[in-house]
Amino acid sequence: METFLKQVATDLYNRTNGRLARTAVVFPNKRAGLFFNEYLAQQSDTPVWSPAYISISELFRNLSTYETGDPVKLVCELYKVFRMQTKSTETLDDFYFWGELLLSDFDDADKNLVDTTQMFRNLQDLHALMDDYTFMDKEQEEAIRQFFQNFSIERRTQLKDRFISIWDALGVIYQNYQKVLKTQNIAYEGMMYREVVEKLDTRTLPYDTYVFVGFNVLNKVEHTLFKKLDEAGKALFYWDYDAYYMDKKHHEAGEFIKRNLKDFPNALPASAWEKMQTLDSPKEIRYIASPTENAQARYLPQWIRENLTENEKETAVVLCNESLLQSVLHSLPDEVEHVNITMGFPLSQTPVYSYLTALLDLQIQGYNPKNGRFFFEQVTALLKHPYAQMLTPMAKQLEKDLTENNRFYPLPSELQQDEFLTHLFTPVSSNPTLVNYLGKALQQVASIYQQNKKPDAFDQLYRESLFKTYTTINRFRTLIEEGDLNVHPETFRRLLIKVLSATNIPFHGEPAIGMQVMGLLETRNLDFRHLVMLSVNEGQLPKKGGDSSFIPYHL
């Protein structure tokens with residue numbers, strides 16, 4: 001099978017005569033680079049220098065003078081600027097989650113190189129806005145008029161007043177926020193990207209040629225970067241598309257590809273068109289109904305036995321719902337000699353996560369400081385956890401005694417029956433003591449794995465999850481000690497769980513061999529002979545959910 005990456009590798013090798021040391025190949029993500037390197041190696045009988053392989057986000061980070069800011073710290077810094085500009089008495093607890101929304105708007109504005117002075121103009125001054133249409137097309141102009149038909153300046157409510165007051169200050173908040181971040185040499189992603197394209201000097205770039213492979217929808221900063229490199233004669237573009245989308249004049253799936261081909265012509269020769277007609281070639285497609293999501297994973301062994309080829313990497317399992325990963329791993333049959341998992345394992349599906357959640361629930365929701373007693377539900381949930389039972393032999397008996405004696409509101413002294421339980425059931429009341437409490441609890445769990453000299457695959461996974469959780473706790477400790485994160489314990493709990501829920505543990509191995517298990521976005525630029533896609537359901541493909549914003553959609 002003549003794959004897209006193989007065509008690109010052949011053309012690039014011939015174009016450069018194998019001299020690739022001063023070349024960077026840029027992909028939408030890093031996964032494709034591992035396969036591309038293998039195809040490139042097949043082009044020569046002698047050793048050659050490999051090009052650099054980077055993702056588009058890495059390229060922007062490498063070209064920027066700023067460091068990427070910690071997401072929690074970025075919102076905390078935004079809160080300080082917000083308070084200073086609006087004189088608001090709103091607490092960080094109330095601000096945090098809509099502060100994330102505001103930061104997302106700033107990020108979108110910068111990635112699309114928006115004239116922020118125009119965008120943040122005072123909505124209260126309706127006439128000034130409607131007299132200047134230079135930044136709108138006719139559809140947007142009409143939408144703004146429609147937006148204000150039911151917006152009465154005279155009949156303001158408290159909510160309208162607050163909304164307008166925020167809009168009044170947004171422009172100043174945006175400018176001062178960027179000044180604050182610059183003094184700390186950190187940036188959010190959009191700010192970093194914008195700085196790169198506005199200050200880019202193509203004469204000082206570390207590579208002579210940048211090869212962009214397999215992109216599709218480009219935002220404004222990416223398009224501008226491509227254009228500057230193209231005009232400087234330092235860029236090549238390879239587009240992964242099927243002739244089917246090009247031949248159909250009004251096919252909406254080909255809209256962005258057509259635009260890209262017009263602005264940045266394809267480096268592949270015209271003869272490559274003949275090999276880009278996969279959709280029109282015969283293929284076998286089966287649709288299989290499943291009553292539940294986990295039942296799909298149970299069907300996998302049968303499908304793999306029927307479709308796995310001698311070259312295992314020609315077969316891929318694509319998870320539209322990535323939470324199925326654990327079920328899929330347990331369902332892989334013995335026929336699979338090698339498996340390459342090109343997605344991270346969710347931290348939220350590890351014992352460390354459930355243990356940390358139980359600790360947080362115990363201290364924040366399971367203790368009443370007024371009478372100095374714990375609640376039965378949170379206490380027993382922690383005592384039943386495998387880690388607690390592995391760390392003390394008294395956990396199981398203590399849980400049994402509480403149940404038999406109906407001790408629904410036990411005192412700490414009743415629970416502190418050994419050194420481990422004393423630490424576990426010592427109440428903490430502030431965020432600094434809470435992070436120290438959690439850190440020590442994780443160190444105790446680490447002792448379990450230190451005793452195991454021959455860890456299996458799952459032990460290694462759980463060790464990695466423990467390390468990830470501990471480093472996350474330390475990030476929060478630093479923010480608290482520096483005075484940036486001053487929130488109530490309940491808000492701290494929500495923040496920590498939110499960050500941990502979005503964390504994945506990377507798998508390590510040889511990516512270019514074995515059957516591939518991957519998420520949908522990881523399939524970009526890759527070609528397979530046999531493919532099974534799980535959870536091809538409404539809400540998963542495409543993902544459900546809408547974007548929230550302070551800025552009216554049409555604007």
Side-chain angles (χ1 to χ4, degrees), residues 57 61 64 66-86 88 90-111 173-174 176-193 344 346-348 350 352-353 356-357 359-361 363-364 428 430-439 441-442 465-506 547-550:
S57 57
R61 285 199 297 271
S64 176
Y66 299 125
E67 296 291 330
T68 305
D70 180 89
V72 178
K73 181 175 177 60
L74 288 173
V75 178
C76 293
E77 293 296 333
L78 180 58
Y79 172 68
K80 294 176 186 176
V81 176
F82 168 79
R83 282 281 304 271
M84 188 181 301
Q85 296 303 321
T86 63
S88 170
E90 188 167 8
T91 64
L92 179 56
D93 301 78
D94 294 329
F95 173 85
Y96 191 92
F97 293 97
W98 70 263
E100 287 184 309
L101 181 65
L102 192 55
L103 184 56
S104 175
D105 282 340
F106 291 170
D107 188 67
D108 281 343
D110 285 334
K111 283 182 177 176
I173 291 172
Y174 170 82
N176 289 344
Y177 179 51
Q178 292 210 341
K179 289 177 184 176
V180 168
L181 295 185
K182 286 176 182 177
T183 61
Q184 301 180 38
N185 201 43
I186 60 174
Y188 55 88
E189 202 171 69
M191 174 183 168
M192 179 184 289
Y193 288 15
L347 183 65
S348 59
T350 65
V352 175
Y353 178 83
L356 194 81
T357 304
L359 291 170
L360 287 167
D361 288 346
Q363 293 293 347
I364 295 172
V428 295
S430 65
N431 289 339
T433 54
L434 183 56
V435 290
N436 291 330
Y437 167 84
L438 295 174
L442 293 177
S465 67
L466 185 63
F467 175 73
K468 279 271 187 184
T469 306
Y470 189 73
T471 54
T472 302
I473 294 289
N474 281 339
R475 275 173 50 202
F476 277 83
R477 177 187 282 113
T478 301
L479 289 169
I480 290 168
E481 289 174 351
E482 292 177 351
D484 291 325
L485 189 62
N486 183 20
V487 293
H488 292 300
E490 176 58 36
T491 305
F492 170 78
R493 171 186 169 276
R494 288 164 60 201
L495 277 178
L496 183 56
I497 288 178
K498 181 178 180 181
V499 170
L500 291 175
S501 298
T503 302
N504 288 326
I505 304 157
D547 294 327
S548 300
S549 174
F550 273 101

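- Using modelled atom types, one finds a donor on one side chain and an acceptor on the other under 3.5 Å when comparing D94 with T91.
- Here CD1 of I364 is found 9.0 Å from OG1 of T491. Values are rounded to the nearest 0.5 Å.
- Counting heavy atoms from C-beta outward, D484 and E77 have side chains that approach closer than 4.5 Å.
- The distance from atom CG of N431 to atom CZ of R493, rounded to the nearest 0.5 Å, is 13.0 Å.
- Smallest separation of non-hydrogen atoms from G439 and I473: N-CG2, 4.4 Å.
- Of all non-hydrogen atoms in L347 and S465, the two that sit nearest each other are CD1-CB, 3.4 Å.
- Remark: the backbone N or O of F82 is not paired with any side-chain donor or acceptor of Y177 at under 3.5 angstrom.
- Between the side chain of D93 and the backbone N or O of H488 there is at least one donor-acceptor pair closer than 3.5 Å.
- At most 12 non-hydrogen atoms from other residues, nucleotides or ligands lie less than 6.0 angstrom from CZ of F467.
- The side chain to side chain contact (heavy atoms under 4.5 Å, CB included) check on D70 picks up V72, K73, R475, L479, with sequence neighbours excluded.
- Scanning for side chain to side chain donor-acceptor pair (under 3.5 Å) contacts around D108 gives an empty result, with sequence neighbours left out.
- For the atom pair CG (L92) and CZ (F97), the distance works out to 9.5 Å, reported to the nearest 0.5 Å.
- Here the straight-line distance linking atom CG of L360 with atom CD of E490 works out to 9.5 Å at 0.5 Å rounding.
- The backbone N or O of V428 lies less than 3.5 Å from a partner atom in the side chain of Q363, making a donor-acceptor pair.
- Shown here are the ring pair (Phe, Tyr, Trp, His ring centres under 6.0 Å) partners of Y79, two or more places apart in sequence or in another chain: F95.
- Interatomic distance, CG of L356 versus CG of L438, reported as 5.0 Å (0.5 Å rounding).
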Side chain to side chain contact (heavy atoms under 4.5 Å, CB included) between L434 and I480, worked out: CA-CA 11 Å; L434 183 56; I480 290 168; over 6 Å; no
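- In this structure the side chain of L500 never reaches within 4.5 angstrom of the side chain of K468, judged on heavy atoms.
- The minimum heavy-atom distance between L359 and A441, with the atom names listed, is CD1-CB, 3.6 Å.
- S501 places a side-chain N or O within donor-acceptor distance of the main-chain N or O of I497, the cut-off being under 3.5 Å.
- Take S64 and apply the side chain to side chain contact (heavy atoms under 4.5 Å, CB included) test, not counting sequence neighbours, and it matches Y66, M192, E195, V196.
- The closest donor-acceptor contact from the side chain of T503 to the backbone of V499 lies under 3.5 Å.
- Looking at every heavy atom in both residues, G190 comes nearest to D107 through N-OD1, 2.6 Å.
- Note that OG of S348 and CG of N504 are 8.0 Å apart. Values are rounded to the nearest 0.5 Å.
- F492 meets the ring pair (Phe, Tyr, Trp, His ring centres under 6.0 Å) test with F476; sequence neighbours excluded.
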Worked check of side chain to side chain contact (heavy atoms under 4.5 Å, CB included) between Q85 and N176: CA-CA 9 Å; Q85 296 303 321; N176 289 344; 2.6 Å; yes
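- Residue N486 qualifies as open at atom CG: its count of foreign heavy atoms under 6.0 Å is 12 or below.
- Just one residue in the list D110, L78, V75 forms a side-chain contact (heavy atoms from CB on, under 4.5 Å) with Y188, and that residue is D110.
- For the residue pair P71 and Y96, the shortest heavy atom distance occurs at O-OH, 4.2 Å.
- Within 6.0 Å of CD on Q184 lie more than 12 heavy atoms contributed by other residues, nucleotides or ligands.
- Under the side chain to side chain donor-acceptor pair (under 3.5 Å) criterion, Y470 pairs with Q443, not counting sequence neighbours.
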